[in-house]
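Every chain is numbered from 1, with letters handed out A, B, ... down the list of sequences.
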Amino acid sequence: MRSTRVLALLPLALLLSLAGAPLARLMAEGAGTLSPAFLFDPYYRWRLLWSFTQALATCALALLFGLPIAWALARFDFPGRRWLMRLMMLPFVMPTLVAAMGVLALFGPEGVTGVMGQDTPWLLLYGNLFYNLPLLVRSAQEGFARLPASRIMAARTLGASPWRVFWRIELPGALPWVCSALCLVFLYCFSGFGLALILGGQRYATVEVEIYTLVAYELNLGDASALALTVLAITGLAALGYAWLERILARPLRGMALPRSAPTGWRQYALLALAMGLTAMLALAPLAAIAWRALWAGAAWQALADPEVWGALANTARFTALALAGACVFGLAHAFAMRRSVLLGTLAFLPYALSPICVAFGLLLLYPGLSASLVLLIGAYTLLAYPFIARGLAASLDAVPAHLPQAARTLGASPWRLTWRLLLPLAAPALRRGMAFAAATALGEFAVTLFLSRPEWMTLTTLIYQRLGRPGAMNQDSALVLSCLLMLLAMLAFVLIEWQREEARDAGGR
Amino acid sequence: MKFRRLCLALSLFGVALGAQADSLRVITHSSFEVSKPLLADFEKQTGIQVELIKAGDAGEMLNKLILTRANPIADVVFGLDNSLAGKAEEAGVIAPSTLKSDGRKARYSLPGGLVSTDYGYVTLVYDKAWFAKHNLPLPKSLADLTLPAYRDLLVVENPATSSPGQAFLFSTIHAMGEERAFAFWRKLRGNGVKVVKDWGIAYNTDFSHNGGGRPIVLSYATDPAAEVAFSKVKITESPVGTLPLPGAVYQQIEGAGLIQGGHERAAAEKFIAFLRSKPVQQDLQTQMWMYPVMQGTPLAPVFSFAKEPAAHQTPSAQEIRAKGQDWVKRWTQVVLK
């Protein structure tokens, strides 16, 4: 175990060189003007407060809508359950740009619903929910499913009503899972950038967007650094909480889980219908809206014949493959190193907690010669993608019962052989899922591509962004068609990697 | 284990990517477009390999240049305009160009060692169908926009984050004087002007022609032509028109320059000359929707839909350099906070 800690040097070097050092470099540039006075500026205070509020509100809404879905998925067996579980994963692999386009296709100008959500906080909250609801549902579902049947049975025998069982036994039992998901939801929403940039508008943008404005347009590095540090501190706390909860959750199961049963009675059917309705409304509607509007785009489909689009597709595939390879290397190293270490587990969140714009500008300052080099671009992609592999894999490795490696060692297996023949095969499903997430991250990445970009490296996301920035209906429609294409690609990556997974682990896999 | 083989293949593919040769590094704003064959011709004829780096909005690009001036990230810059020329000069990021004239004359020039390449106008653009449907006469002056009849009709870009937004602020100040201009902005705020982050959101999301709720948008004078060119069906009249009201027309002159401390001087000069060459001057019209700066360049036929405004209200680059930042700060106080 001690020897595997050495592996941490690899991801730590990446984190330091591509995230820590650039941020420090940028802050050093603005150090002269760094002061806590920004806390007294009512404008910045409002930004921080709003970021906080929208993250908390998303947590509350995710809890409200997510718990019924999770409970229904954990307790009921019904045709299409597997499909629902898989569909719930879709939002998570969707690029930010696609999600934002989807929300706008529903509630934006000429939206499918006819409701205008612009200039209200609801647009951003809905976008947040789209991404984060599945997170909570999957986690809570697992918590509910793992609860020992004996406890529930005992309560029922003693005459507790289903409500009482839920409140007194099931919810407290699943609480660690729910809380760990809430930590993540808060972390993603509080430090969110892409969605807030597109959906927040002038008033409801998050503090990350403010940092972007301060650095990119006003060159006010002092205030930007101060805000970035505040964000880092708050997200750091959330990440620490998550890593700590993960350690608790890694304990092996006790007792048999309650088997799922077919719903009976109108109440259970109503609950199931509610769960399906909520899933469709919150997790699938934006994607359906994009597909629907793209279907009617007609002539804009000719855009697919454009060699520019094919070039972008090739680049997207190339960068995704390279980033995926890098993410596997660093993800494996970090996963083996961070087992049962809260600190290293927290560090896996660093790529999300850091302000992307500060890092991007810091990179320019630190490595001017590499400003438009493939090494830096792929490095940045890898940095954002690898934690998905590291975290999933680490959780899965922690769940391997201790007696298995012990037995293998007794039989004379070398550490390498042990890893290759025992640990990796056991963790393979988690690795595959991590790879799906990592691939999706690289597919949809646009913040980095916007900053470290060269035209011949046009990817699908930058192409969509470029079309959105041009006048005329044709360009808007082709942006929509390209978003649809990107959505299909994300689904393909997801299906290719995730679909082959054995069903047996469906309830336990994360 | 399939995924292990996959990992191996992927990493081999990664190693197979080679290093890159020395070349001319050109930094541009993200709206820079030039036809690929033209660029390929230039590379073939001069033997210079061009490495294009797109660095976001023009203001954002200049900030990147200022931040990295000790160790520049490019050799030549395209896309700095008269709003930014002063700031660029003050920061010392531009090295004067010694480009020789080839006999053709440029209509406009830029200070601070920049070489002008194209120009255009930031102005108000309206949705013809909306005004016809609501039977509302077009505003005759900027003051009209503060009247109840025009409440909630206008969307503009934030001067702090968008070059056209900044241009409009400057032109109102140039036309009315600082105090009256900010009084006008205060009234405009009371009359429901909407402020958005950048041009793309204003034009493509909030403009009623594209499904939004605002029939007047702060945009460019060439939009009517672009709308015809990018229309889904062939049309003979543009669906949008310009409102070149006094105080709402800003002339933007864009140019290129050598970056202080950059390499490949000779190649950089050649690239600037390329931007002023006949084919590029012709090409940029329908690529970037700007007017060519070199005299004698024929206009693209579709530009018949975009009349050049007869007058404009543009402060000098010196004035912008001296007061521009304070104006933007004051605007943020008056309109946003």
Measuring from [X]:[atom1] to [Y]:[atom2], what's the distance to the nearest 0.5 Å?
| X | Y | atom1 | atom2 | result |
| --- | --- | --- | --- | --- |
| A:L219 | B:K87 | CG | NZ | 6.0 Å |
| B:I201 | A:L104 | CD1 | CG | 9.0 Å |
| A:T213 | B:K197 | OG1 | NZ | 7.5 Å |
| A:L365 | B:R69 | CG | CZ | 10.5 Å |

Handout entry: Under 4.5 Å from a heavy atom of chain A, the part of B:L336 involved
Key = side chain
Exercise for the section: Examine whether an atom of B:S30 lies under 4.5 Å from a heavy atom of chain A, and if so say whether it belongs to the side chain, the backbone or both; otherwise answer neither. Expected result: neither
Below 4.5 Å, heavy-atom pairs only: which of [options] has the largest tally toward chain A?
| options | answer |
| --- | --- |
| B:T68, B:T161, B:N71 | B:T161 |
| B:A160, B:P239, B:G200 | B:A160 |
| B:L62, B:N158, B:I66, B:I27 | B:N158 |

Would you indicate whether the side-chain heavy atoms of [Y] and [X] approach each other to under 4.5 Å?
| X | Y | value |
| --- | --- | --- |
| A:Y43 | B:Q333 | no |
| A:L26 | B:L67 | yes |
| B:Q166 | A:Y217 | no |

Exercise for the section: Answer yes or no: are there more than 12 heavy-atom neighbours, outside A:W310 itself, under 6.0 Å from its atom CH2? Expected result: no
Practice task
Look at atom CD of B:Q325 and say whether more than 12 heavy atoms of other residues, nucleotides or ligands are closer to it than 6.0 Å.
Solution key: no
Exercise for the section: Provide the closest heavy-atom pair for B:N63 versus A:E218 in the form atom of the first, atom of the second, distance. Expected result: ND2-N, 3.9 Å
Fill in the blank from the handout: Cut-off 4.5 Å, heavy atoms of chain B, and the answer for A:V215 is backbone
